[in-house]
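Sequence positions, counted from 1, serve as the residue numbers for this chain. Scope of the values below: all heavy atoms of this structure, side chains included, with no hydrogens, waters or symmetry mates.
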Amino acid sequence: MTVSQKIENSKILLMPESGLDKQPIMLTVSSDLMKNYEAGSPVSIENSFCVAQDSEGEPIIVSVGSDKRLYAITRDSGSKTGWKQNDITPKVEDEKPGNVVAFEMVQMSSGPIVLACSVSSSSNASKTTMYVSSQLLKSDTTIQWDNFAQYWHVRPFQVSGSRMTKIYMGEDSSSTTSSVLAVVAIEKDNQAEYYRLNTNLEESEIWEHLTIPENAIKIHSLALGKQRGYPGVYSLYDTIYGQSLQFTSFPIKRFNGKTFSIFFQQPFGSKINSFAVLPSGSSNDNVYAAGEGVYLFRKGATKPITIAEKDITPTVQTLLARQDDKSVTLWMVNSDGILGMAVSPFSSQTTWQPVLQICRDVFQTAALRNRYYKANQLFMVNNTNHLIYLWQDPENTQWYETNIPLYDTENTLNFDCYTTHMSFRDQASGVPVTDIELNLKSSAWTYLKVNGKAHTLLGNAKNQITLKPDLAGNITIINRVSTISTPVFELSAEWLKSVVDIDPATKVRNTLSRIQSGDELRAVVLADGNKLVSDSVSKESVDSAASAIKKLTDIANTLPQDSASRSVSGGTGDPSKPTTFAALLRDPTGSSRNLLSASNTKSA
């Protein structure tokens with residue numbers, strides 16, 4: 001038995017709505033689980049990046065590349081492109097380079113920069129080491145990016161089996177000296193706990209356990225700042241009663257380690273998806289929140305001021321806030337990847353300019369309010385993993401755009417993925433169809449590439465991307481996976497009577513369903529000719545694995561199917577069992593398939 005054995009492709013007749021000047025189209029769908037390869041890039045739509053500015057106002061971009069390494073991208077007048085990229089990933093002692101799990105960068109109002117980075121062990125991915133840099137750009141010193149190892153300092157965490165998965169940083173504006181606040185999310189046994197990280201490299205006390213907040217079911221985001229003059233953590237989280245936005249102070253020594261909390265009132269009837277915090281010049285921060293509308297909690301106020309109504313900004317997913325002593329700029333990215341901005345004077349934030357749409361197809365973004373030029377600067381990663389640089393002329397406020405030239409890293413990536421191929425042909429003539437537009441949705445949040453361009457699907461009913469076949473009438477979807485599970489895709493169009501559900505895992509599931517014993521599992525041969533199970537694995541282990549696979553596929557076979565008629569020939573004919581084909585038609589009002597591909601399904 002081989003996992004590459006052929007299964008008949010799904011052939012589906014796409015019928016246009018009556019009255020439209022369109023002919024029936026034959027759609028052929030196939031999907032395979034396979035290895036893929038690509039050159040590493042210093043930026044990626046899958047990974048975040050940060051930006052700061054040097055003493056001359058030039059940008060410093062720090063990003064996690066597609067190869068999970070940490071890169072600094074800076075101006076370099078001596079290079080051919082005017083830019084230079086350096087790998088600044090900390091190296092775990094006596095080991096091969098590991099992967100960056102999390103990083104953050106903060107720039108203090110006086111100019112110095114601090115970076116923090118969590119790096120996994122190359123021999124044990126669940127083990128991470130925390131590094132914090134010394135303060136950079138202090139006293140107008142330059143940064144030696146090609147020798148960055150000299151700036152990293154290990155901040156050891158002694159609990160074994162812990163993985164540092166998220167870092168939050170901010171400036172401590174509550175003290176008279178410049179210092180950096182940091183909180184780290186640390187996972188152990190699938191449970192996340194939060195610790196305050198001391199970034200003062202001269203002090204021996206490094207970690208302090210925090211409880212923020214106690215009644216949270218799910219924490220969406222954190223930010224650091226101050227209220228009533230005391231530093232602490234802002235948390236956006238869910239409880240059994242709904243959503244909450246809260247500030248919790250760090251333990252206050254002068255009050256015997258006690259803390260206090262402030263709860264911010266939710267905008268009536270509106271959900272918050274993202275928030276940002278900026279110093280206000282007083283003892284309380286300004287807190288900006290966005291989701292269904294954009295709002296401001298000004299200088300400690302717990303009731304919001306409306307910046308933009310939710311009918312103008314209904315689906316904001318990401319909010320960035322930047323300021324100087326002249327103005328404040330908010331950047332908003334909605335669920336369709338559209339970037340907008342709103343501006344207000346720094347001194348009085350009761351009046352805001354209308355939200356202005358800047359561009360589309362935004363995936364990862366970082367922003368600056370350049371203190372040197374008193375102007376806005378924006379950096380984006382597009383769907384071809386290119387880094388786009390936009391800046392605003394401070395005199396005429398016009399926007400200008402350029403690409404920052406990048407070159408591939410020295411690392412070649414190999415990854416598992418499902419590759420789904422769709423071919424569109426005119427039913428009567430067999431000629432490739434290229435002049436149609438189709439919409440693609442996903443059953444779960446995922447990154448994918450469509451005909452070579454990267455996209456993000458959020459996994460909800462409203463979010464979709466628009467596709468067109470290439471000149472040969474084909475659409476190819478590549479979505480990376482770490483297990484055999486994958487989202488189910490929905491293909492639709494305004495001119496179609498039905499929608500098409502595409503399950504990339506069908507072929508894998510069909511192969512697994514034929515494995516009934518350990519001997520049959522040993523007989524499975526991969527597409528590259530190697531056996532799935534090596535001869536060194538014991539009979540008991542193989543039999544146990546085969547039994548688990550059988551139970552998994554038996555459960556998948558009992559999952560409910562939609563009741564829509566199937567336009568593919570040779571289906572199972574049994575509504576209690578999954579179709580043997582990768583795609584099927586269903587009525588747009590019907591429920592989609594609920595198969596092994598559910599995003600929370602784990603491989604046996």
Q | Step-by-step side-chain contact (heavy atoms from CB on, under 4.5 Å) determination, Leu448 to Leu440 | A | CA-CA 11 Å; Leu448 66 160; Leu440 188 72; 3.9 Å; yes
Q) Which residue, Ile388, Thr81, Ile61, forms the side chain to side chain contact (heavy atoms under 4.5 Å, CB included) with Ile404? A) Ile61
(Q) How long is the straight-line distance from CE of Met130 back to OG of Ser118, given to the nearest 0.5 Å? (A) 5.0 Å
Q.
Could you check whether any side-chain N or O of Asn86 sits under 3.5 Å from a backbone N or O of Ile88, counting only pairs where one atom can act as donor and the other as acceptor?
A. no
Q: Evaluate whether atom CD of Gln23 has more than 12 neighbouring non-hydrogen atoms of other residues, nucleotides or ligands under 6.0 angstrom away.
A: no
Q | Exam field: side chain Trp495 to backbone Ile436, donor-acceptor pair closer than 3.5 Å | A | no
(Q) Ignoring hydrogens, what is the shortest heavy-atom contact between Asp543 and Lys539? Give both atom names and the distance. (A) OD2-NZ, 2.7 Å
Q) Which heavy atom in Ala102 sits nearest to a heavy atom in Ile167, and how many Å separate them? A) O-CD1, 3.7 Å
Q.
Quick check: closest heavy atoms across Val51 and Ala366, and the distance to 0.1 Å?
A. CG1-CB, 3.7 Å
Q: With sequence neighbours left out, write down each residue that passes ring pair (Phe, Tyr, Trp, His ring centres under 6.0 Å) with Phe157, or none if nothing qualifies.
A: Tyr195, Trp207
Q) Side chains of Val119 and Phe103: does their closest heavy-atom pair fall under 4.5 Å? A) no
Q) Atom CG of Leu13 and atom CD1 of Ile25: how far apart are they, to the nearest 0.5 Å? A) 9.5 Å
Q) Are Arg480 and Glu46 side-chain neighbours, meaning at least one heavy-atom pair lies under 4.5 Å? A) yes
Q: For Tyr447, enumerate each residue passing the ring pair (Phe, Tyr, Trp, His ring centres under 6.0 Å) test, keeping only those at least two apart in sequence or located in another chain.
A: Trp445
Q: For residues Val381 and Phe49, determine if any side-chain heavy atom of one lies less than 4.5 Å from a side-chain heavy atom of the other.
A: yes
Q: Evaluate the side-chain proximity of Trp145 to Thr74: yes if any heavy-atom separation is below 4.5 Å, no if none is.
A: yes
**Q.** Stepwise side-chain contact (heavy atoms from CB on, under 4.5 Å) test for Val481 and Tyr418
**A.** CA-CA 7 Å; Val481 292; Tyr418 281 100; 3.7 Å; yes
Q) Thr128: what forms a side chain to side chain donor-acceptor pair (under 3.5 Å) with it, not counting sequence neighbours? A) none
Q: Mind listing the closest non-hydrogen atom pair of Ser162 and Ile186 along with its distance?
A: CB-CG2, 3.5 Å
Q | Asp87 bridged to Arg69 by N-O distance under 4.0 Å | A | yes
Q: Check for a donor-acceptor pair, side chain of Ser274 on one end and backbone N or O of Thr318 on the other, with a separation under 3.5 Å.
A: no
Q.
Give me the atom names and distance for the closest heavy-atom approach of Cys417 to Asn36.
A. SG-CB, 3.7 Å
(Q) For Leu406 and Val43: C-alpha separation, side-chain torsions, deciding distance, then whether side-chain contact (heavy atoms from CB on, under 4.5 Å) applies. (A) CA-CA 9 Å; Leu406 302 174; Val43 296; 3.7 Å; yes
Q) Is the closest side-chain heavy-atom distance between Met422 and Ile477 below 4.5 Å? A) yes
Q) Do Ser538 and Ser541 meet the criterion of a side-chain donor-acceptor pair at a distance under 3.5 Å? A) yes
Q: Return each pair, listed once, that meets salt bridge (charged side-chain N to carboxylate O under 4.0 Å, His left out) where at least one residue sits in residues 413-423; pairs must be two or more places apart or across chains.
A: Lys35-Asp416
**Q.** Backbone of Asn99 reached by a side-chain donor or acceptor of Ser120 within 3.5 Å
**A.** yes
Q. More than 12 non-hydrogen atoms from neighbouring residues, nucleotides or ligands closer than 6.0 Å to CD1 on Ile217, yes or no?
A. yes
Q. Is Asp336 reaching over with its side chain to a backbone N or O of Ile338, donor-acceptor style, under 3.5 angstrom?
A. no
Q) Is the side chain of Asn47 donor-acceptor paired with the backbone N or O of Gly65 at a distance under 3.5 Å, no angle test? A) yes
Q: Start with the C-alpha gap between Trp152 and Leu115, add the side-chain angles, then the distance that decides, and say whether side-chain contact (heavy atoms from CB on, under 4.5 Å) holds.
A: CA-CA 9 Å; Trp152 287 122; Leu115 283 80; 3.9 Å; yes
Q | Heavy-atom side-chain proximity of Leu438 to Thr466 below 4.5 angstrom | A | no
**Q.** Side-chain heavy-atom pair Phe424, Thr28 within 4.5 angstrom cut-off
**A.** no
Q) Considering all heavy atoms of both residues, which atom of Met169 and which atom of Met105 are nearest to each other, and what is their separation? A) SD-N, 4.4 Å
**Q.** Polar side chain donor-acceptor pair, Ser44 to Ser66, under 3.5 angstrom
**A.** no
Q | Non-neighbouring partners of Phe379 that pass ring pair (Phe, Tyr, Trp, His ring centres under 6.0 Å), sequence neighbours left out | A | Tyr389
(Q) Tell me if a side-chain donor or acceptor on Thr486 pairs with a main-chain N or O of Ala505 at a distance below 3.5 Å. (A) no
Q: Supply the atom-to-atom distance Gln427 CD to Leu27 CG, rounded to the nearest 0.5 angstrom.
A: 12.5 Å
Q. Which distance, rounded to the nearest 0.5 Å, do you find between the OG1 of Thr365 and the CE of Met380?
A. 6.5 Å
Q: Mind checking the CD-CD spacing from Glu187 to Glu193? Nearest 0.5 Å is all I need.
A: 11.0 Å
Q. Quick check: does any side chain N or O of Gln85 sit under 3.5 Å from a backbone N or O of Tyr407, one acting as donor and the other as acceptor?
A. yes
Q: Compare all side-chain heavy atoms of His220 with those of Asp238 and state whether any distance is below 4.5 angstrom.
A: yes
Q. Roughly how far, to the nearest 0.5 Å, is the CG atom of Asp426 from the OG1 atom of Thr434?
A. 11.0 Å
**Q.** Counterpart residues, side-chain contact (heavy atoms from CB on, under 4.5 Å), relative to His421 (two or more places apart)
**A.** Ser30, Ser423, Asn474, Thr476
Q) Do side-chain atoms of Asn273 reach the backbone of Val316 as a donor and acceptor pair under 3.5 angstrom? A) yes
Q) Do any N or O atoms from the side chain of Thr89 and from the backbone of Leu70 form a donor-acceptor pair under 3.5 angstrom? A) yes
